[in-house]
Amino acid sequence: MIRSLATAPQKHYRLFEVRKRSGGIRLISAPRTFLKVVQWWVLDTILENSSDLPFVYGFSRGRSFIDNAKAHQGCNHLLNVDVKDFFPSLSHSKVRDVFCALGYSYKVSNFMADLCTLDGALPQGAPTSPKISNMILAECDIHLRNLAQSHGATYTRYADDLTFSSYSRIPDSFVQRIEEHFLPLGLQLNKAKTKFMGTNQMKEVTGLVLARDGVALNRRYLNGTRGWFHSISQYPELFKDQLARVLGTMNLVQQVGGRGSDRILQQGRMAVLSLKAISPPRLEWGAD
(Lines give C-alpha, C1' and ligand atoms only; values in the text may rest on other atoms or scores of the structure.)
Protein backbone atom coordinates (compact mmCIF):
# COMPACT_ATOMS: atom_id res chain seq x y z
CA MET A 1 0.00 0.00 0.00
CA ILE A 2 2.76 2.46 0.92
CA ARG A 3 4.53 1.74 -2.37
CA SER A 4 1.36 2.72 -4.27
CA LEU A 5 1.38 6.06 -2.40
CA ALA A 6 4.77 6.79 -3.91
CA THR A 7 4.24 5.36 -7.39
CA ALA A 8 0.76 6.80 -8.02
CA PRO A 9 0.42 9.81 -5.70
CA GLN A 10 -2.21 11.53 -7.88
CA LYS A 11 -4.78 9.01 -6.63
CA HIS A 12 -4.17 10.02 -3.02
CA TYR A 13 -4.76 13.79 -3.23
CA ARG A 14 -7.85 15.92 -3.58
CA LEU A 15 -7.45 19.27 -5.27
CA PHE A 16 -9.41 22.41 -4.52
CA GLU A 17 -9.04 26.17 -4.81
CA VAL A 18 -9.08 28.83 -2.11
CA ARG A 19 -9.24 32.56 -2.60
CA LYS A 20 -6.21 34.53 -1.41
CA ARG A 21 -6.73 37.51 0.90
CA SER A 22 -4.66 39.57 -1.53
CA GLY A 23 -6.78 38.41 -4.48
CA GLY A 24 -6.38 35.54 -6.92
CA ILE A 25 -6.70 31.79 -6.43
CA ARG A 26 -4.41 29.34 -4.65
CA LEU A 27 -4.49 25.64 -5.59
CA ILE A 28 -4.43 23.32 -2.59
CA SER A 29 -3.37 19.68 -2.98
CA ALA A 30 -4.54 17.96 0.19
CA PRO A 31 -3.46 14.36 0.79
CA ARG A 32 -6.17 11.84 1.54
CA THR A 33 -6.30 10.15 4.92
CA PHE A 34 -3.81 7.28 4.53
CA LEU A 35 -1.16 9.35 2.77
CA LYS A 36 -1.63 12.17 5.28
CA VAL A 37 -1.01 9.72 8.15
CA VAL A 38 2.22 8.56 6.48
CA GLN A 39 3.34 12.15 5.88
CA TRP A 40 2.63 13.10 9.50
CA TRP A 41 4.80 10.14 10.56
CA VAL A 42 7.62 11.37 8.30
CA LEU A 43 7.27 14.87 9.74
CA ASP A 44 7.15 13.84 13.41
CA THR A 45 9.74 11.06 13.24
CA ILE A 46 12.28 12.41 10.75
CA LEU A 47 11.89 16.04 9.80
CA GLU A 48 11.10 17.61 13.17
CA ASN A 49 14.54 16.54 14.43
CA SER A 50 16.00 19.34 12.30
CA SER A 51 15.84 22.76 13.96
CA ASP A 52 14.94 25.92 12.04
CA LEU A 53 17.20 28.92 11.72
CA PRO A 54 16.44 31.64 14.31
CA PHE A 55 15.54 34.22 11.65
CA VAL A 56 13.05 31.94 9.87
CA TYR A 57 9.58 32.42 11.37
CA GLY A 58 7.22 30.63 8.99
CA PHE A 59 6.31 26.99 9.72
CA SER A 60 8.49 27.07 12.81
CA ARG A 61 7.08 25.85 16.12
CA GLY A 62 6.66 28.63 18.69
CA ARG A 63 7.12 31.43 16.16
CA SER A 64 4.52 33.46 14.30
CA PHE A 65 4.03 36.15 11.69
CA ILE A 66 3.76 38.57 14.61
CA ASP A 67 7.28 37.68 15.78
CA ASN A 68 8.48 38.05 12.20
CA ALA A 69 7.12 41.61 12.01
CA LYS A 70 8.47 42.59 15.43
CA ALA A 71 12.00 41.69 14.32
CA HIS A 72 11.93 44.78 12.06
CA GLN A 73 10.36 47.26 14.43
CA GLY A 74 12.07 50.64 14.64
CA CYS A 75 13.71 50.46 11.20
CA ASN A 76 13.91 53.43 8.82
CA HIS A 77 13.98 51.45 5.58
CA LEU A 78 12.28 48.23 4.59
CA LEU A 79 12.33 45.87 1.61
CA ASN A 80 9.70 43.16 1.13
CA VAL A 81 10.09 40.54 -1.59
CA ASP A 82 7.87 37.58 -2.40
CA VAL A 83 8.83 34.22 -3.92
CA LYS A 84 6.83 33.32 -7.04
CA ASP A 85 5.02 29.94 -6.94
CA PHE A 86 6.84 28.95 -3.76
CA PHE A 87 5.89 25.30 -3.15
CA PRO A 88 5.46 24.30 -6.84
CA SER A 89 8.99 25.60 -7.53
CA LEU A 90 10.64 23.28 -4.98
CA SER A 91 11.41 20.19 -7.02
CA HIS A 92 11.51 16.48 -6.30
CA SER A 93 15.32 16.48 -6.58
CA LYS A 94 15.59 19.20 -3.92
CA VAL A 95 13.34 17.18 -1.62
CA ARG A 96 15.46 14.09 -2.25
CA ASP A 97 18.57 16.09 -1.33
CA VAL A 98 16.98 16.92 2.04
CA PHE A 99 16.69 13.25 2.96
CA CYS A 100 20.17 12.50 1.61
CA ALA A 101 21.54 15.25 3.87
CA LEU A 102 19.82 13.54 6.81
CA GLY A 103 21.90 10.42 6.13
CA TYR A 104 19.54 8.26 4.08
CA SER A 105 20.73 6.39 1.01
CA TYR A 106 19.93 7.75 -2.44
CA LYS A 107 17.33 4.98 -3.01
CA VAL A 108 15.56 5.58 0.31
CA SER A 109 15.75 9.36 -0.12
CA ASN A 110 14.21 9.08 -3.56
CA PHE A 111 11.36 6.97 -2.17
CA MET A 112 10.78 9.48 0.67
CA ALA A 113 10.71 12.30 -1.86
CA ASP A 114 8.10 10.35 -3.85
CA LEU A 115 5.93 10.21 -0.72
CA CYS A 116 6.25 13.96 -0.12
CA THR A 117 5.85 15.36 -3.65
CA LEU A 118 3.16 15.55 -6.30
CA ASP A 119 3.89 16.01 -10.01
CA GLY A 120 7.56 16.54 -9.22
CA ALA A 121 7.16 19.33 -6.65
CA LEU A 122 6.06 20.07 -3.09
CA PRO A 123 2.25 20.08 -2.83
CA GLN A 124 0.66 22.95 -0.97
CA GLY A 125 -1.52 21.16 1.54
CA ALA A 126 0.75 18.27 2.58
CA PRO A 127 1.86 18.39 6.26
CA THR A 128 5.48 17.70 5.26
CA SER A 129 5.77 20.55 2.73
CA PRO A 130 6.31 23.50 5.13
CA LYS A 131 9.15 21.86 7.06
CA ILE A 132 10.80 20.54 3.90
CA SER A 133 10.66 24.00 2.32
CA ASN A 134 12.52 25.47 5.30
CA MET A 135 15.16 22.74 5.02
CA ILE A 136 15.62 23.31 1.28
CA LEU A 137 16.06 27.04 1.80
CA ALA A 138 18.33 26.80 4.86
CA GLU A 139 21.61 27.41 3.01
CA CYS A 140 20.06 30.19 0.94
CA ASP A 141 18.66 31.78 4.12
CA ILE A 142 22.14 31.87 5.64
CA HIS A 143 23.56 33.53 2.51
CA LEU A 144 20.77 36.13 2.57
CA ARG A 145 21.29 36.77 6.28
CA ASN A 146 24.99 37.31 5.62
CA LEU A 147 24.19 39.60 2.68
CA ALA A 148 21.89 41.63 4.92
CA GLN A 149 24.45 41.87 7.70
CA SER A 150 27.12 43.06 5.25
CA HIS A 151 24.84 46.06 4.59
CA GLY A 152 23.94 46.58 8.25
CA ALA A 153 20.46 45.15 7.66
CA THR A 154 18.21 42.57 9.34
CA TYR A 155 16.81 39.61 7.41
CA THR A 156 13.83 37.36 8.18
CA ARG A 157 11.71 34.97 6.16
CA TYR A 158 8.12 33.91 6.75
CA ALA A 159 7.27 31.18 4.22
CA ASP A 160 7.58 32.92 0.82
CA ASP A 161 7.80 36.45 2.28
CA LEU A 162 11.34 37.82 2.68
CA THR A 163 11.97 41.03 4.60
CA PHE A 164 15.09 43.18 4.91
CA SER A 165 15.20 46.21 7.20
CA SER A 166 17.84 48.79 7.95
CA TYR A 167 18.41 52.21 9.49
CA SER A 168 20.04 53.33 6.23
CA ARG A 169 18.68 53.19 2.68
CA ILE A 170 18.56 49.78 0.99
CA PRO A 171 19.91 50.10 -2.60
CA ASP A 172 17.81 49.01 -5.60
CA SER A 173 20.59 46.58 -6.60
CA PHE A 174 19.81 44.56 -3.48
CA VAL A 175 16.99 42.77 -5.31
CA GLN A 176 19.40 41.48 -7.96
CA ARG A 177 21.68 40.08 -5.26
CA ILE A 178 18.72 38.22 -3.77
CA GLU A 179 17.84 36.76 -7.17
CA GLU A 180 21.41 35.49 -7.59
CA HIS A 181 21.04 33.40 -4.43
CA PHE A 182 17.73 32.02 -5.66
CA LEU A 183 19.03 30.79 -9.02
CA PRO A 184 20.50 27.48 -7.73
CA LEU A 185 17.11 26.63 -6.22
CA GLY A 186 15.16 27.46 -9.35
CA LEU A 187 13.22 30.15 -7.51
CA GLN A 188 12.08 33.50 -8.85
CA LEU A 189 10.80 36.66 -7.23
CA ASN A 190 7.31 37.95 -7.80
CA LYS A 191 8.36 41.37 -9.08
CA ALA A 192 4.84 42.77 -8.65
CA LYS A 193 5.17 42.31 -4.87
CA THR A 194 8.66 43.76 -4.45
CA LYS A 195 8.30 46.86 -2.32
CA PHE A 196 10.75 49.39 -0.86
CA MET A 197 9.57 51.52 2.06
CA GLY A 198 11.56 54.44 3.42
CA THR A 199 11.33 57.10 6.08
CA ASN A 200 7.96 58.82 6.43
CA GLN A 201 6.24 55.81 4.81
CA MET A 202 3.98 53.30 6.52
CA LYS A 203 5.86 50.02 6.82
CA GLU A 204 4.18 46.61 6.65
CA VAL A 205 5.65 43.16 7.27
CA THR A 206 3.56 40.01 6.65
CA GLY A 207 0.40 42.10 6.72
CA LEU A 208 1.19 43.94 9.95
CA VAL A 209 1.98 47.63 10.35
CA LEU A 210 5.16 48.55 12.24
CA ALA A 211 3.94 51.16 14.71
CA ARG A 212 5.93 53.03 17.33
CA ASP A 213 4.30 51.15 20.19
CA GLY A 214 4.26 47.71 18.55
CA VAL A 215 2.81 45.95 15.54
CA ALA A 216 -0.81 46.31 14.46
CA LEU A 217 -3.25 45.19 11.81
CA ASN A 218 -3.50 47.71 9.00
CA ARG A 219 -6.37 50.18 8.96
CA ARG A 220 -7.86 48.72 5.79
CA TYR A 221 -8.24 45.31 7.44
CA LEU A 222 -9.58 46.78 10.67
CA ASN A 223 -12.19 48.90 8.89
CA GLY A 224 -13.29 45.95 6.78
CA THR A 225 -13.58 43.71 9.83
CA ARG A 226 -15.50 46.34 11.76
CA GLY A 227 -18.00 46.72 8.91
CA TRP A 228 -18.33 42.94 8.53
CA PHE A 229 -19.05 42.43 12.24
CA HIS A 230 -21.61 45.25 12.16
CA SER A 231 -23.38 43.67 9.18
CA ILE A 232 -23.51 40.31 10.97
CA SER A 233 -25.06 41.91 14.05
CA GLN A 234 -27.70 43.61 11.90
CA TYR A 235 -28.48 40.76 9.50
CA PRO A 236 -27.24 37.49 11.08
CA GLU A 237 -29.38 35.34 8.75
CA LEU A 238 -27.17 36.35 5.83
CA PHE A 239 -24.04 35.09 7.65
CA LYS A 240 -25.44 32.06 9.49
CA ASP A 241 -22.66 29.72 8.27
CA GLN A 242 -19.76 32.03 9.20
CA LEU A 243 -19.44 31.55 12.97
CA ALA A 244 -16.12 29.69 12.67
CA ARG A 245 -14.72 32.45 10.44
CA VAL A 246 -15.84 35.13 12.91
CA LEU A 247 -14.18 33.31 15.81
CA GLY A 248 -10.98 32.88 13.77
CA THR A 249 -10.93 36.58 12.92
CA MET A 250 -11.43 37.51 16.56
CA ASN A 251 -8.55 35.23 17.54
CA LEU A 252 -6.31 36.99 15.01
CA VAL A 253 -7.28 40.45 16.27
CA GLN A 254 -6.68 39.35 19.86
CA GLN A 255 -3.29 37.85 18.99
CA VAL A 256 -2.02 41.00 17.31
CA GLY A 257 -3.67 43.50 19.63
CA GLY A 258 -2.81 47.16 19.11
CA ARG A 259 -4.97 50.23 18.73
CA GLY A 260 -8.64 49.65 18.05
CA SER A 261 -8.51 45.93 18.79
CA ASP A 262 -10.65 46.15 21.97
CA ARG A 263 -13.48 47.89 20.12
CA ILE A 264 -13.41 45.37 17.27
CA LEU A 265 -13.40 42.44 19.70
CA GLN A 266 -16.45 43.90 21.39
CA GLN A 267 -18.19 44.11 18.01
CA GLY A 268 -17.08 40.56 17.30
CA ARG A 269 -18.67 39.30 20.51
CA MET A 270 -21.94 40.98 19.51
CA ALA A 271 -21.72 39.32 16.10
CA VAL A 272 -21.17 35.92 17.73
CA LEU A 273 -24.20 36.41 19.99
CA SER A 274 -26.31 37.35 16.96
CA LEU A 275 -25.23 34.22 15.08
CA LYS A 276 -25.84 31.95 18.05
CA ALA A 277 -29.30 33.46 18.55
CA ILE A 278 -30.44 32.18 15.15
CA SER A 279 -28.77 28.76 15.44
CA PRO A 280 -31.20 25.86 15.91
CA PRO A 281 -31.05 24.25 19.38
CA ARG A 282 -29.05 21.06 19.66
CA LEU A 283 -31.04 17.85 20.11
CA GLU A 284 -29.89 15.89 23.15
CA TRP A 285 -30.24 12.12 23.49
CA GLY A 286 -33.29 11.27 25.51
CA ALA A 287 -34.98 14.61 24.91
CA ASP A 288 -38.77 14.55 24.55
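We count residues from 1, following the sequence as given.
Hydrophobic clustering places Phe34 together with Leu118 (ILVMFWY residues linked when any side-chain heavy atoms are closer than 4.5 Å, directly or through intermediates). Side-chain heavy atoms closer than 4.5 Å link hydrophobic residues (I, L, V, M, F, W, Y) into clusters, and following such links, possibly through other members, connects Leu247 to Val256. Under the 4.5 Å side-chain contact rule for hydrophobic residues, Ile132 and Val108 share a cluster. Neither Trp228 nor Met270 shares a network with the other; the hydrophobic side chains, linked directly or stepwise wherever heavy atoms of I, L, V, M, F, W or Y lie under 4.5 Å apart, form separate groups for each. Note: the hydrophobic cluster containing Leu147 also contains Ile142 (ILVMFWY, side chain heavy atoms under 4.5 Å, direct or indirect links).
Among all heavy-atom pairs drawn from Ile170 and Leu78, the shortest one is CD1-C, 4.1 Å. When all heavy atoms of Trp41 and Ile46 are compared, the closest pair comes out as CZ3-CD1, 4.1 Å. Among all heavy-atom pairs drawn from His72 and Ser165, the shortest one is ND1-OG, 2.7 Å. Residue Phe239 comes nearest to Leu275 through the heavy atom pair O-CD2, 3.2 Å, listed as atom of the first residue, atom of the second, then distance. The two residues Leu43 and Pro127 come nearest to each other via the heavy atoms CD2-O, 3.6 Å. Here the shortest heavy-atom pairing between Val95 and Leu122 reads CG2-CD2, 3.7 Å.
Between the side chain of Asn218 and the backbone N or O of Tyr221 there is at least one donor-acceptor pair closer than 3.5 Å. In terms of modelled atom types and a separation under 3.5 Å, the side chain of Lys203 and the main chain of Gly198 share a donor-acceptor contact. Put simply, the side chain of Gln149 never gets that close to the backbone of Thr154: no donor and acceptor are under 3.5 Å apart. Judged by distance alone, the side chain of Gln39 and the main-chain N or O of Leu115 form a donor-acceptor pair under 3.5 Å. Side chain of Ser166 to backbone of Ala153: no donor-acceptor contact under 3.5 angstrom is found. In this structure, Ser274 contributes its side chain and Pro236 its backbone to no donor-acceptor pair below 3.5 Å. A donor-acceptor pair is defined here as one N or O able to donate and one able to accept, closer than 3.5 Å; such a pair exists between the side chain of Ser261 and the backbone of Gly258.
By the neighbour-count criterion of 12 heavy atoms within 6.0 Å, atom CD of Glu139 is sparsely surrounded, having that number or fewer from other residues, nucleotides or ligands. A 6.0 Å sphere centred on CD of Gln188 holds no more than 12 heavy atoms belonging to other residues, nucleotides or ligands.
To the nearest 0.5 angstrom, His181 atom NE2 is 12.5 Å from Leu137 atom CG. Summarising the geometry, atom CG belonging to Leu79 is positioned 9.0 Å from atom CG belonging to Leu162; distances are rounded to the nearest 0.5 Å. Note that OG1 of Thr206 is 11.5 Å distant from NZ of Lys70, once rounded to the nearest 0.5 Å. Once rounded to the nearest 0.5 Å, the distance linking CD1 of Ile278 with CG of Leu243 reads 9.5 Å. Between Leu53 atom CG and Thr156 atom OG1 the span is 12.0 Å, to the nearest 0.5 Å. Here the NZ-CZ distance, from Lys11 to Arg32, works out to 12.5 Å after rounding to the nearest 0.5 Å.
Side chains of Met135 and Leu47 form a contact here, defined as non-hydrogen atoms less than 4.5 Å apart. Proximity of Phe229 to Met250: side-chain heavy atoms (C-beta onward) are separated by under 4.5 Å at one or more points. Looking only at side-chain heavy atoms (C-beta outward), Val272 and Lys276 come within less than 4.5 Å of each other. No side-chain heavy atom of Phe16 sits under 4.5 Å from any side-chain heavy atom of Leu27. The closest side-chain heavy-atom distance from Lys84 to Lys191 is not below 4.5 Å. Between Phe111 and Phe99, the closest side-chain pair of non-hydrogen atoms is not below 4.5 Å. Looking only at side-chain heavy atoms (C-beta outward), His12 and Pro31 stay at 4.5 Å or farther from each other. Gln124 is not listed as a side-chain neighbour of Phe86, based on a closest heavy-atom distance of 4.5 Å or more.
Judged as a side chain to side chain donor-acceptor pair (under 3.5 Å), and not counting sequence neighbours, the contacts of Arg226 are Asn223.
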Derivation of the side-chain contact (heavy atoms from CB on, under 4.5 Å) call for Val215 and Val209: CA-CA 6 Å; Val215 298; Val209 176; over 6 Å; no
For Ile136 and Val98, what are the C-alpha separation, side-chain angles and deciding distance, and is it a side-chain contact (heavy atoms from CB on, under 4.5 Å)? CA-CA 7 Å; Ile136 292 175; Val98 164; 3.6 Å; yes
Hey, mind stepping through Phe164 and His77 against side-chain contact (heavy atoms from CB on, under 4.5 Å) and telling me if it holds? CA-CA 8 Å; Phe164 299 82; His77 296 268; over 6 Å; no
For Arg63 and Asn68, what are the C-alpha separation, side-chain angles and deciding distance, and is it a side-chain contact (heavy atoms from CB on, under 4.5 Å)? CA-CA 8 Å; Arg63 305 175 196 172; Asn68 182 66; over 6 Å; no
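Residues Arg263 and Gln266 bring no donor and acceptor atom of their side chains to less than 3.5 Å of each other. Judged purely by distance below 3.5 Å, without hydrogens or angles, the side chains of Asp114 and His92 pair a donor atom with an acceptor atom. In the model, Asn80 has a side-chain atom that pairs as donor or acceptor with a side-chain atom of Thr163 under 3.5 Å.
Annotation: Tyr158 is not in aromatic contact with Tyr57 [ring centroid separation under 6.0 Å not met].
Taking a cutoff of 4.0 Å between a charged side-chain nitrogen and a carboxylate oxygen, Glu204 and Lys195 do not qualify as a salt bridge. The pair Lys131-Asp52 meets the salt-bridge criterion, with a side-chain N (NZ, NE, NH1 or NH2) lying under 4.0 Å from an Asp/Glu carboxylate O.
Note on residues 143-170: pairs passing salt bridge (Lys or Arg N to Asp or Glu O under 4.0 Å), not counting sequence neighbours, are Asp141-Arg157, Arg169-Asp172.
Between Phe174 and His151, the ring-plane angle classifies as perpendicular under the 30° and 60° cut-offs.
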